[in-house]
Amino acid sequence: MKYYLVAGEASGDLHGANLMKALKAEDPAAEFRYFGGDKMQAQGGKLVKHYAEMAFMGFTEVILNLATIFKNLKACKEDLIVYQPDALILIDFPGFNLKIADFAKENGIKVCYYISPKVWAWNQKRVLRIKRVVDRLFCILPFEVDFYASWGMKVDYVGNPLLDEIAAFKVNPNFRQMEELSNQPIIALLPGSRKQEIERLLPEMLSTVKNFPNHQFVIAAAPTFNDTYYDQFIGEKSVKLIFAKTYDLLSVAQVAIVASGTATLETALFRVPQVVVYKGGRISIAIARLLVKIKFISLVNLIMDKAVVAELIQEDCNTTKIVAELNQLIEGNKRNEMLRDYATLADKMGSEGASERTAKLIVNDL
């Protein structure tokens, strides 16, 4: 079978790569063409466009980059018509992917959506559009099944693909030595993979360095950038930069400061106490506060339906508050309580195998 996948950011590239691997196990003659990244490219097939050219966050950032977005949409649609896949597999990235789903449905291409759009967060009526243009929807968060059912939509809960990646990860006992890290306890900084979020969040994260002289700060750097890019934020601070080894870093970290997103769940599954931070453009945040209908922004808190990790958003994302939270997480009751909640979270998430379950369902359907 011929498969066309569309992933528009780093997490989608990761999950897309795992799904491609599982699809090859089910369908050894599988052919792939995709919008994605390095991890998907390592699985073979043809990379049409890298996600680094596609990932824009926030309302104002999207507006400022509309010309690029429309160009990417046009390129994807034209490529789909030429390739004529047996199945289009859309991975998260709803602003872009739902438009591609509309187009594919109009042109008789089967649409599978892996990692369902987070329509439960705002504008829930988008479910009606999803019902119309998506043939199979695969959910990765436990509470999504009931949400879609409330709109009369049957979906497949396949578990969370992060569990696949974490299960496959092998701890490197020589990681500290290889990366020339000291024996000091590590505070991991995970500022995200998008340019806008790094530029807003990393300075706030780095502002805490002076408050923890007995700790070692290490940035989980995105492979789409280089040392020079990060050095403009680090300056003279004693901070280590490590590229594309986030799981290795989490395996040795004592605590972490994490940009809101998939990384918050990864950090929790690695049992690293964390502070979640987020900053957006003023207009974007103002609009979001009017539209977003959920109590929390981090996946950890959403899945647990309670405030397990602190969420420091916008004006609360500052040196004083981040330092105060870190001090409570380095040792003491709050650290222990968070670790107990992480254990409950892991039980809720279930076992690995999301990629395999999804691949079986797609291939059987075809």
Got a list of side-chain donor-acceptor pairs under 3.5 Å for residues 297-312, not counting sequence neighbours?
unit_1, atom_1, unit_2, atom_2, d
S298, OG, N301, N, 3.4
S298, OG, N301, ND2, 3.3
S298, OG, E311, OE2, 2.9
N301, OD1, V308, N, 2.8
N301, OD1, V309, N, 3.0
N301, ND2, V309, O, 2.9
N301, ND2, E311, OE2, 2.9
D305, OD1, K295, NZ, 3.3
K306, NZ, D341, OD1, 3.0
E311, OE1, I297, N, 3.2
E311, OE2, I297, N, 3.2
E311, OE2, S298, N, 3.0

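Taking a 6.0 Å sphere around CZ of F70, one finds it holds 12 or fewer heavy atoms contributed by other residues, nucleotides or ligands. Within a 6.0 Å radius of NZ in K74, other residues, nucleotides and ligands contribute 12 heavy atoms or fewer. Under a cut-off of 6.0 angstrom, the local environment of CG in D227 is crowded, with over 12 non-hydrogen atoms contributed by other residues, nucleotides or ligands. Summarising the local packing, CD of Q232 is surrounded by more than 12 heavy atoms from other residues, nucleotides or ligands at distances under 6.0 Å. When the shell of 6.0 Å around CG of N183 is examined, it contains 12 or fewer heavy atoms from other residues, nucleotides or ligands. Few gaps surround NZ on K110; more than 12 heavy atoms of other groups in view lie less than 6.0 Å from it.
Between the side chain of D13 and the backbone N or O of A7 there is no donor-acceptor pair closer than 3.5 Å. K99 places a side-chain N or O within 3.5 Å of a backbone atom of G95 that can act as its donor or acceptor partner. Side-chain atoms of K39 never come within 3.5 Å of backbone atoms of G12 as a donor-acceptor pair (strictly under, hydrogens ignored). Put simply, the side chain of N97 gets close to the backbone of D92: a donor and an acceptor are under 3.5 Å apart. Side chain of D86 to backbone of M1: no donor-acceptor contact under 3.5 angstrom is found. Between the side chain of D156 and the main chain of F138, no donor-acceptor pair closer than 3.5 Å is present. Side-chain N or O atoms of Y51 include none that pairs as donor or acceptor with a backbone N or O of F35 at under 3.5 Å. The backbone N or O of F103 sits less than 3.5 Å from a side-chain atom of N107, completing a donor-acceptor pair. D79 places no side-chain N or O within 3.5 Å of a backbone atom of A75 that could act as its donor or acceptor partner. When atom types are taken as modelled, the side chain of E179 and the backbone of I242 share no donor-acceptor pair closer than 3.5 angstrom.
Checked for salt-bridge contact, E325 and K321 miss the test: no charged N lies under 4.0 Å from a carboxylate O. A salt bridge does not link E31 with K2: every distance from a Lys NZ or Arg NE/NH1/NH2 to an Asp or Glu carboxylate oxygen is 4.0 Å or more.
Here the CZ atom belonging to R132 is positioned 5.0 Å from the CG atom belonging to D102, to the nearest 0.5 angstrom. Rounding to the nearest 0.5 Å gives a distance of 11.5 Å between CG of L47 and CG of L5. Taking CD of E165 as the reference point, atom OG of S355 lies at 8.5 Å (rounded to 0.5 Å). Between the CZ atom of R200 and the CD atom of Q314 there is a distance of 8.0 Å, given to the nearest 0.5 Å. Between the OG atom in S116 and the CD1 atom in I91 there is a gap of 13.0 Å [rounded to 0.5 Å]. L250 contributes atom CG, which lies 5.5 Å from atom CG of L190 (distance to the nearest 0.5 angstrom).
L181 and V209 fall into different hydrophobic clusters, where Ile, Leu, Val, Met, Phe, Trp and Tyr side chains are chained together by heavy-atom contacts under 4.5 Å. No path of Ile, Leu, Val, Met, Phe, Trp and Tyr side chains, each step under 4.5 Å between heavy atoms, connects M178 with V252, placing them in separate hydrophobic clusters. Under the 4.5 Å side-chain contact rule for hydrophobic residues, L206 and F225 share a cluster. Clustering ILVMFWY residues whenever any of their side-chain heavy atoms sit less than 4.5 angstrom apart, transitively, puts I330 in the very cluster that holds V258.
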Under the side-chain hydrogen bond (donor to acceptor under 3.5 Å, both in side chains) rule, what do E204 and N318 come out as? Steps first, then yes or no, please. CA-CA 6 Å; E204 298 294 349; N318 61 58; over 6 Å; no
(Q) Show, in sequence, the C-alpha distance, side-chain angles and deciding distance for Q184 and Q254, and conclude whether the side chain to side chain contact (heavy atoms under 4.5 Å, CB included) test is met. (A) CA-CA 10 Å; Q184 287 181 304; Q254 184 184 38; over 6 Å; no
Does I187 form a side chain to side chain contact (heavy atoms under 4.5 Å, CB included) with Q216? I'd like the steps, not just the answer. CA-CA 6 Å; I187 297 178; Q216 186 172 197; over 6 Å; no
L137 vs K131, side chain to side chain contact (heavy atoms under 4.5 Å, CB included): CA-CA, chis, key distance, verdict: CA-CA 9 Å; L137 183 64; K131 284 177 72 172; over 6 Å; no
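Residues Y230 and F233 keep their aromatic ring centres 6.0 Å or farther apart. Within the 6.0 Å centre-distance limit, the rings of F270 and F169 are counted as a close aromatic pair. Between W120 and Y148, the distance separating the two ring centers is not shorter than 6.0 angstrom.
Between Q274 and A268, the closest heavy-atom pair is NE2-N, 3.6 Å. Minimum interatomic distance between M20 and Y34 (heavy atoms only, all atoms of both residues): CE-CE2, 3.7 Å.
Both tests do not hold together for K245 against F175: distance to the six-membered ring centre under 6.0 Å, angle to the ring axis within 45°.
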